[in-house]
Amino acid sequence: MADQRVTSERAVEERAMEERVVDERALHEVVRFTSDLIRIDTTNRGGGDCQERPAAEYAAARLAEAGLEPTLLERTKGRTNVVARLEGTDPSADALLVHGHLDVVPAQADDWSVHPFSGEVRDGVVWGRGAVDMKNMDAMILAVVRLWARLGVRPRRDLVIAFTADEEASAEDGSGFLADHHPGLFEGCTEGISESGAFTFHDGAGRELYPIAAGERGTGWLKLTARGRAGHGSKVNRANAVTRLAEAIARIGAYEWPLRLTPTVSAALTELATLYGVDADLDDVDGLLDKLGPAAKLVEATVRNSANPTMLSAGYKVNVIPGEAVAHVDGRYLPGGEEEFRTTLDRLTGPDVEWEFHHHEVALQSPLDSPTYARMRAAVEEFAPEGHVVPYCMSGGTDAKQFSRLGITGYGFAPLKLPEGFDYQALFHGVDERVPVEALHFGVRVLDRFLRTT
């Protein structure tokens with residue numbers, strides 16, 4: 001018994017010493033790297049004017065300082081990607097892709113409490129566009145790789161590190177370009193991790209949930225075109241393109257998509273029902289969601305396909321009926337739901353409106369019984385033992401879609417421990433985007449633990 005106690009105490013001491021090593025430098029670096037990357041304006045407005053190269057050069061320099069040999073690649077001048085490989089100790093093991101994007105969505109400075117590209121660290125919080133989407137994870141990756149270089153740590157599997165351009169638009173200059181034109185850089189990769197998972201979700205009743213993403217809805221950004229008979233605005237016109245488009249848009253906006261449960265969402269509902277002590281009645285999903293309270297937010301957007309009208313364009317003068325009207329719709333479909341999505345849009349648009357994909361990417365479904373998922377769960381639970389890890393499906397999409405072309409299974413795993421009242425999901429593309437310093441520290445510890453054990 002005494003020997004067991006000594007062994008246990010020694011394990012605790014070794015663990016504490018290891019954490020102090022991480023704390024001394026890596027935890028400082030993750031904050032600095034997050035702030036530095038935010039200050040590099042990589043706004044992606046979707047028109048091709050983004051310049052990720054300064055951020056790519058920054059990331060590449062940090063990797064090179066850790067002894068890696070990063071490669072910079074561009075499809076379009078200034079739209080730069082970074083790829084590097086860290087060799088593991090087991091040449092027979094499959095490689096793991098660890099990736100993050102460098103671009104961010106636009107921000108209106110007048111709406112913010114601080115300048116969105118200041119990278120200001122105030123009251124224990126790092127402020128700025130990209131703080132959660134996703135320069136925080138980029139910084140975590142850099143901090144862990146550099147930590148390992150100092151300690152002489154090597155993972156079991158090869159790690160392919162990728163920082164991409166253009167994720168906030170079509171990914172044609174980023175992960176799509178890499179997957180289609182540089183697949184050799186990802187040789188051996190069977191799985192990957194990236195954004196939007198393992199963050200704290202407070203349920204309002206004292207529980208902390210940590211959703212790890214094991215799926216994504218597919219992307220179907222649509223362009224709708226209605227054509228009709230141009231004419232004078234004062235004349236009766238039964239072939240008015242604007243009217244035809246408006247009627248189609250109204251049908252799409254009002255349509256209630258049927259429930260469709262994927263394995264990931266079913267697992268999420270089942271685990272949440274068990275946690276909350278309610279019957280996991282998957283035949284009455286809406287009733288089950290009502291019983292889950294705030295936790296329902298983790299799954300309610302992924303029990304159906306969706307299509308939301310977002311843009312309208314028609315006409316050039318008030319007294320002229322145009323011959324054409326155009327709209328755009330943000331469509332998302334579940335794994336296995338694309339055919340239903342297509343046939344439904346055919347019906348809702350009707351005979352007078354044509355639709356086409358403006359941007360189209362697959363839906364993803366990742367296994368929950370994989371050793372990798374189990375190790376992600378274990379890493380979170382080690383540093384947040386009071387938390388409850390649950391699977392979930394992302395309502396939107398990530399670069400994992402493009403990398404899936406290479407046979408890479410993607411998970412959302414960018415760990416953050418967040419205080420109650422901190423609405424992480426609302427800050428994606430929101431005003432006053434920010435991340436607590438302690439959340440970054442937690443992220444580095446968990447990411448380090450997962451990557452060492454996978």
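Everything quoted here is computed from the prediction, not taken from an experiment.
- Note that the CG atom of L86 and the CG atom of L63 stand 9.5 Å from one another [nearest 0.5 Å].
- The number of heavy-atom neighbours closer than 6.0 Å to CD of E356, taken from other residues, nucleotides and ligands shown, is above 12.
- Remark: T372 pairs with R157, E191 by the side-chain hydrogen bond (donor to acceptor under 3.5 Å, both in side chains) rule, at least two apart or across chains.
- Residue-environment remark: NE2 (H359) exceeds the threshold of 12 foreign heavy atoms within 6.0 Å.
- R85 and E187 are not joined by a salt bridge, as no carboxylate oxygen comes within less than 4.0 angstrom of a charged side-chain nitrogen.
- With a 6.0 Å cutoff to the six-membered ring centre and a 45° limit on the axis angle, R207 counts as a cation-pi contact of Y276.
- The stretch residues 396-415 participates, sequence neighbours left out, in these side chain to side chain donor-acceptor pair (under 3.5 Å) pairs: T164-D399, S175-D399, S175-Q402, D180-R405, E216-T398, E216-K401, E361-Q402, E361-R405, S370-Y411.
- Taking the charged nitrogens against the carboxylate oxygens, D286 and R304 do have a contact shorter than 4.0 Å, which makes a salt bridge.
- Using a 4.5 Å cut-off on side-chain heavy atoms (C-beta onward), F428 and S196 make contact.
- Relative ring orientation between F403 and F186 is described as tilted, the plane-to-plane angle lying within the 30° to 60° band.
- Checked against side-chain hydrogen bond (donor to acceptor under 3.5 Å, both in side chains), D49 has no partners two or more places apart in sequence or in another chain.
- The pair E24-R150 does not count as a salt bridge, with every side-chain nitrogen at least 4.0 angstrom from each carboxylate oxygen.
- For the pair S118/W112, no side-chain contact is recorded, criterion being any heavy-atom separation below 4.5 Å from C-beta on.
- The structure places CG of L447 at 12.0 Å from CG of L440, a figure rounded to the nearest 0.5 Å.
- By the 30° and 60° cut-offs, the orientation of the rings of H360 relative to F357 is parallel.
- Here the rule is side-chain hydrogen bond (donor to acceptor under 3.5 Å, both in side chains) with T42, and of E52, H101, K135, R53 only K135 fits it.
- With hydrogens and angles disregarded, a donor-acceptor distance shorter than 3.5 Å links the side chain of D103 to the backbone of E167.
- Note on R445 versus E382: no salt bridge recorded, every NZ/NE/NH1/NH2 to OD/OE distance being 4.0 Å or above.
- With a 4.5 Å cut-off on side-chain heavy atoms, L272 and V390 count as touching.
- In this structure, R129 contributes its side chain and P106 its backbone to a donor-acceptor pair below 3.5 Å.
- Under the 6.0 Å distance and 45° angle rule, R62 counts as a cation-pi partner of Y58.
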